[in-house]
Protein chains: 2
Amino acid sequence: MTVRQDVHSSGIPVLCQSCEARHRGVCGALDPDQLVGLAKTSSRHSVEPGVELIGDAETIDSYSNVLSGVVKLTKSLSDGRQQIVGLQFAPDFLGRPFKAESEINAEAATAVSLCSFPKTAIERMMKESPELEHRLLRQTLNELDEARDWMVTLGRKTASEKVASFLLMIAMNIDPAVDLAANSATFELPLTRADIADFLGLTIETVSRQLTRLRTDGVIRIENNRHVTVDSLSRLEQRSGA
Amino acid sequence: MTVRQDVHSSGIPVLCQSCEARHRGVCGALDPDQLVGLAKTSSRHSVEPGVELIGDAETIDSYSNVLSGVVKLTKSLSDGRQQIVGLQFAPDFLGRPFKAESEINAEAATAVSLCSFPKTAIERMMKESPELEHRLLRQTLNELDEARDWMVTLGRKTASEKVASFLLMIAMNIDPAVDLAANSATFELPLTRADIADFLGLTIETVSRQLTRLRTDGVIRIENNRHVTVDSLSRLEQRSGA
DNA sequence: CCGAGTCCTTGATCTTCGTCAAAGCGACTG
DNA sequence: CAGTCGCTTTGACGAAGATCAAGGACTCGG
């Protein structure tokens, strides 16, 4: 693995090219000496869709940055009902500090590449570097905001509003430069219908029906079940209930 | 206001008696000098149920510790549908660091007493004291866990499971010593039926019907609409879908 | 090219929960 | 004490979404 110790736009050195890509990377908080130490213990992986990254009640012994792809965080009830409680895009952080066990499953929703560090390395560094902990706090606060936004969607929106909200959310996360003025966007859906259902608290059939309706109403087009073109972001937004 | 600079069980000095009460207080992170500085700018308030503490899109200029009572955090859709996205019990922290505006409403659900600090004071101290930021990170991670637990409830549980889960959650938060072995608990509901509905993504009527069913099934008793006695915590848990 | 497997769509029916309406129950007021 | 107000309960009905069932579209391996 090549370690690039160049400089983030903020002036903070970064560990690897991918980590500087967007706003939530964690590596950027470390100073050069720490980076060299961390680089020795870090490793890059690529995993296929469907691979479980962190198992429920498994011991967590590593943390990761998502470099590309989408990771779904799920929780399940004892009878198998499942809920996706978060989606991690690059360069989000994966792992729950200060807890030995995870109550959450993490699974690759698409092909995913990761940059992993042993838990001990990160935790030692967190003690030494307040800046790292600061970044982690910021990311955690962002995730909390997102979780609470989604609680409104889960608790108070109709099925069609849920699906519209979901498409809007994906469009913005896949391509941060989605322009409401341009009024159109195009992207690959990172989730299957079953995943979307688990994310929205619906069934596959309801998701499918709502997507069909958006299609026949001319708001979106879908090719190969995955490739989505939004022809009217504003109409999609109207339907999202915001 | 009297400043008690005595020592937390962890050996960390605390600002005021109430803040050391449970596990999530923030004051405990400060050293004595900082405490004296903070004490000068802090103030204690008591507010009546229904009082709005932080308005949506209002500027946040202070942070608070909840000393007693329950604060509900809500988000609303433009047409008035509302969702409670969190409940803060003592000694939780109130306020969103690193953001000028709140997208959230905070309202006293019961009589509440607070210990407030100006935003500037806390933010300055956060820069100086990594321990404070560390505490904040821990609380934020806990809140994130809670939010994600609740997403499962909102997305995947039935109305009766939701109500059972809610009662269980309240029982444990009001009285951390709730003993599953003892199998019974008693507490005052901090929320009205309307609030419970907004918390669970249901209607008042559905909440009422489910409570009635729990009552006629002998799982709980309710006096004066507020005072709840759980006669069988294990039966309540069975119905919570966990 | 065929057959199996996976994922998605569509239709018919059923259930749960929301909506609408009315009435009960305290608490407070004049 | 009657009257009002806020909160809750209960019932009748309807609608949104779940469930059940069937079939279509695409991929992969022979």
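Per chain, numbering begins at 1; letters A, B, ... match sequence-line order.
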Applied to residues 198-209 of chain A, the salt bridge (Lys or Arg N to Asp or Glu O under 4.0 Å) test, sequence neighbours excluded, yields A:Asp198-B:Arg156
To the nearest angstrom, how far is B:Glu223 atom CD from C:dA27 atom P?
13 Å
Under 3.5 Å, is there a donor on one side chain and an acceptor on the other for A:Asp92 and A:Gln139?
no
With sugar-phosphate taken as primed atoms, P, OP1 and OP2 and all else as base, the protein-contact string of nucleotides 8-19 of chain D at under 4.0 Å (heavy atoms; B, S, -) is SBBBB----SSB
Could you walk me through whether A:Arg81 and B:Glu161 pass salt bridge (Lys or Arg N to Asp or Glu O under 4.0 Å), step by step?
CA-CA 13 Å; A:Arg81 283 174 288 176; B:Glu161 289 170 338; 2.8 Å; yes
Spacing between A:Ile220 atom CD1 and C:dC8 atom P, to the nearest angstrom
14 Å
Can you find a side-chain donor-acceptor pair between A:Ser113 and A:Ser68 that sits under 3.5 Å?
yes
Below 4.5 Å, heavy atoms only, C-beta onward: do B:His227 and B:Ile222 meet side chain to side chain?
no
What residue among A:Asp195, A:Asn105, A:Ile104 forms side-chain contact (heavy atoms from CB on, under 4.5 Å) with A:Thr74?
A:Asn105
Separation of atom CG in A:Asn224 from atom P in C:dT9, rounded to whole Å:
12 Å
For the pair made of CG in A:Asp195 and C1' in C:dC8, what is the distance, rounded to whole Å?
14 Å
